[in-house]
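Just so we're on the same page: letters track the sequence lines, and every chain starts at 1.
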Amino acid sequence: MSGGGCSIVWFRRDLRVEDNPALAAGVRAGAVVAVYIWAPEEEGHYYPGRVSRWWLKQSLAYLDSSLRSLGTCLITKRSTDSVSSLLEVVKSTGATQLFFNHLYDPLSLVRDHRAKQVLTAHGVAVRSFNADLLYEPWDVNDAEGRPFTTFAAFWERCLSMPYDPEAPLLPPKRIISGDVSRCPSDTLIFEDESEKGSNALLARAWSPGWSNADRALTTFINGPLIEYSKNRRKADSATTSFLSPHLHFGEVSVRKVFHLVRIKQVLWANEGNKAGEESVNLFLKSIGLREYSRYLSFNHPYSHEKPLLGHLKFFPWVVNEGYFKAWRQGRTGYPLVDAGMRELWATGWLHDRIRVVVSSFFVKVLQLPWRWGMKYFWDTLLDADLESDALGWQYISGTLPDGREFDRIDNPQFEGYKFDPDGEYVRRWLPELARLPTEWIHHPWDAPESVLQAAGIELGSNYPLPTVGINAAKARLEQALSEMWQLEAASRAAIENGTEEGLGDSTESAPIAFPQDIHMEENPEPVRNNPPNTTRRYEDQMVPSMTSSLLRVEEEETSSDLRNLAEDSRAEVPRNVNINQEPRQDTLNQGIVHTVRTNNTLPQFNVAMVVGNAEDSTAESSSSSRRERDGGVVPVWSPPSSSYSEQFIGEENGIGASSSYLQRHPQSHQIMNWRRLSQTG
DNA sequence: ATTCTCTTTTG
DNA sequence: AAAAGAGAA
């Protein structure tokens, strides 16, 4: 086919052979070298947690064997710098092209852009594709062409785009292997000795790998999907799709999920199956939230460390590592929260509802800094995903325009009876409460002494009393808010007087650091799903360490480099390049629709486009390639041009904030509420 | 029809 | 927590 050397297909979080545009492009172009580069130091703080690494290991092995059955193998490289490793692979294989699929987290955006620059400079043709989303972030804009800032509007737009998401690609029938005789694989180490025991148990519950993902998808769509809406509020039932870890690593493509679900949707709509339709809409909405997390991360690349709305800048967070520890250990004294936290630690999994419960408790009752909680989720979740993690915690913390109101405190006792009405979930994960009657199971502190005695519970020793009472939390929240207002007023006055510039900024832009030396007792035997009659005392509950033991010192440099880079640059400011589009000829089924879109002006916001290697593009378009529109485009960051805070937070005083995010949401509910509150308080 | 109450939803 | 919706009186 295309002359010259082979192409590298760079796998990242697209560990599948089906509907993988980068792989398809490589196969079309001739011989393929499939590469995975393990460079966790590049992730800085966000070195993947134990269970996430376990999954990755399995998934890579699976991908390797799939590739082998197709005629090639997966080359694995251990690296501290992905781009240099790519160059080495280029040198040792004589590759002339590089294909990969887009990622949207801030680190990847920077790294992938560099990869493109460096390899292009070395004469390698680089092309990248959309494999992770229904629509590229820069394709979804409001009527004025600006990115959406609320989920509902975003998702509505996605569902009414003038062209459908791409139909999934079939897996290649066979792959011609490039010459890898001079490109040996490194052995990748994903777990240390202390982790092996715990990891062994994960395999009982989960099967990573793309065809397992496929099976999970089919099972879900043909089974629980129709009941999704009815069952979604049960903390405990196995009615979710369980697709999130598969989706995180790209073992199954969202586009495939979307298409299969849509088929059901049409079917049920025809049958007039109301419940089915509602279920589909709800499930698609959760897919939409995943899309939105990428969208947000792309448009606001600091959303994993900075609040999108800056109005909490002066909030006096409770920096109390004791609270943090109690939360992690599942010893807050609120049964639903504790059950959730123990399930999380034991299994790496939590139902979405319970994620909301425990994180809301964290932010509103304990009033701990949300990034701690976010980091802990990152460290412990099997489906840990930076973009979703950030979206979730920002939503809970009320720093999104459409997030939860900040002064809303959810009461875990009431939520307990809502999501776990019979207390079964609590009994499973808190064996010490197993004998408590349902009447008291979600608020043992109210139970009569005789009841507690009969259940073998001694509050304060057996099971803790509430760490913070709900009423105390409410009081403290009010007080903290008025404190915040005072601080803000002071800061505003200072700025108006011109005496002070960066007071506020320094507060918020030096975010409260992660606790450094929280090393907990690591228990070699992981806590399993304890049968209710086991009498395990809470002291036995093990807790993971916050800082990964695998982090090395040299990494500090890497990560701080990256952080500096991140701090100085900001996303966007498009210099829009019109992209080379001839109307696509879709070999499958959507050719006509696409002409519409190609005539539309291309995105002018948020992303600078780089036209792909010209020679390559033409070669592609002359063949009947279906994904050529993605092929030439790599999202690119423009060089640093202004400080972060102007762009993303916007100074509340309005100075020079014409384009500020906050100003686009002047009616932000939080602020209204606080004004009211501070007058009374 | 109108108000009141209970339920559901809220990213 | 608050608002919107559904259903009852």
Side-chain angles (χ1 to χ4, degrees), chain A residues 133-134 137 140 147-159 228-234 240 244 274-275 277-279 281-300 303-304 307-309 312 350-365 367 370 373-374 377 383 385-419 421 470-471 473-478 480-481 661 665 667-677 680-681:
Chain A
L133 295 176
L134 300 176
V140 185
F148 291 100
T149 52
T150 55
F151 170 72
F154 164 81
W155 187 230
E156 195 184 342
R157 176 72 184 143
C158 286
L159 291 175
Y228 190 76
S229 119
K230 198 188 302 171
N231 288 331
R232 92 202 102 114
R233 65 195 46 188
K234 299 223 113 195
T240 62
S244 55
K274 273 287 179 188
E277 268 192 283
E278 200 195 337
S279 291
N281 289 336
L282 275 164
F283 178 69
L284 285 182
K285 186 179 144 192
S286 67
I287 296 291
L289 285 165
R290 178 182 176 279
E291 296 272 310
Y292 191 57
S293 72
R294 270 75 180 148
Y295 188 78
L296 217 58
S297 170
F298 180 79
N299 286 307
H300 308 283
S303 57
H304 64 302
L308 252 60
L309 293 174
L312 291 182
L350 271 189
H351 185 111
D352 180 59
R353 289 283 141 184
I354 306 300
R355 295 185 197 203
V356 170
V357 169
V358 300
S359 55
S360 166
F361 182 85
F362 185 94
V363 174
K364 304 296 177 60
V365 178
Q367 293 164 33
W370 63 272
M374 190 191 126
F377 270 23
D383 57 14
D385 180 282
L386 196 54
E387 295 96 313
S388 298
D389 208 3
L391 172 62
W393 282 89
Q394 294 236 21
Y395 163 66
I396 291 298
S397 311
T399 53
L400 293 175
D402 48 358
R404 290 266 253 252
E405 297 87 342
F406 189 76
D407 49 0
R408 161 181 168 180
I409 292 188
D410 294 303
N411 189 327
Q413 176 184 337
F414 301 147
E415 298 194 300
Y417 287 108
K418 212 153 122 198
F419 302 131
I470 289 295
N471 290 332
K474 281 181 183 156
R476 142 86 207 169
L477 190 63
E478 269 189 44
L481 286 172
Y661 191 86
H665 300 278
Q667 78 298 9
S668 203
H669 48 70
Q670 297 87 342
I671 289 179
M672 309 296 281
N673 290 342
W674 294 351
R675 289 263 148 72
R676 214 169 52 220
L677 224 143
T680 56

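Going from atom CD of A:Glu291 over to atom C1' of B:dG11 covers 15 Å, rounded to whole Å. Atom-to-atom, CD1 of A:Ile396 to P of C:dA1 comes out at 14 Å; the value is rounded to the nearest Å. Taking atom CZ of residue A:Phe419 and atom P of nucleotide B:dT9, one finds them 11 Å apart after rounding to whole Å. In this structure, CZ of A:Arg408 is placed 12 Å from P of C:dA3, rounded to the nearest angstrom. Between the CZ atom of A:Phe414 and the P atom of C:dA1 there is a distance of 8 Å, given to the nearest Å. Between A:Glu278 atom CD and C:dA6 atom P the separation is 11 Å, expressed in whole Å. Distance A:Asn281 CG to B:dT9 P: 13 Å, rounded to the nearest Å. The interatomic distance linking A:Glu405 (CD) with B:dG11 (P) rounds to 10 Å, in whole Å.
The salt bridge (charged side-chain N to carboxylate O under 4.0 Å, His left out) search around A:Asp410 returns A:Arg404, A:Arg408, not counting sequence neighbours. For the ring pair (Phe, Tyr, Trp, His ring centres under 6.0 Å) test, residues two or more places apart in sequence or in another chain that qualify with A:Phe283 are A:Phe220, A:Tyr228. For A:Lys285, there are no salt bridge (charged side-chain N to carboxylate O under 4.0 Å, His left out) partners two or more places apart in sequence or in a different chain. Qualifying salt bridge (charged side-chain N to carboxylate O under 4.0 Å, His left out) partners for A:Arg355, counting only residues two or more places apart in sequence or in other chains: A:Asp383. With sequence neighbours left out, A:Asp389 forms a salt bridge (charged side-chain N to carboxylate O under 4.0 Å, His left out) with no residue at all.
Nucleic acid contact for A:Gly288: none, since no nucleic acid atom lies under 4.0 Å from a heavy atom of the residue. Using a 4.0 Å heavy-atom criterion, one finds that A:Asp352 contacts the bases of the nucleic acid, with or without backbone contacts as well. Within the nucleic acid shown, A:Phe151 comes within 4.0 Å of sugar-phosphate atoms alone, with no base atom in reach, counting heavy atoms only. Note on A:Ile409: only backbone sugar-phosphate atoms sit closer than 4.0 angstrom, heavy atoms only; bases stay farther off.
Note on A:Lys285: a side-chain N or O is less than 4.0 Å away from OP1 or OP2 of B:dT10.
Screening A:Phe362, A:Trp370, A:Trp393 for a ring-ring contact (aromatic ring centres under 6.0 Å, His included) with A:Phe377, the sole residue that qualifies is A:Trp393.
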Pairs: protein N or O with nucleotides 6-8 of chain B N or O, under 3.5 Å:
none

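Using a 30° and 60° split on the angle between ring planes, A:Tyr295 and A:Phe148 fall in the tilted class, from 30° to 60°.
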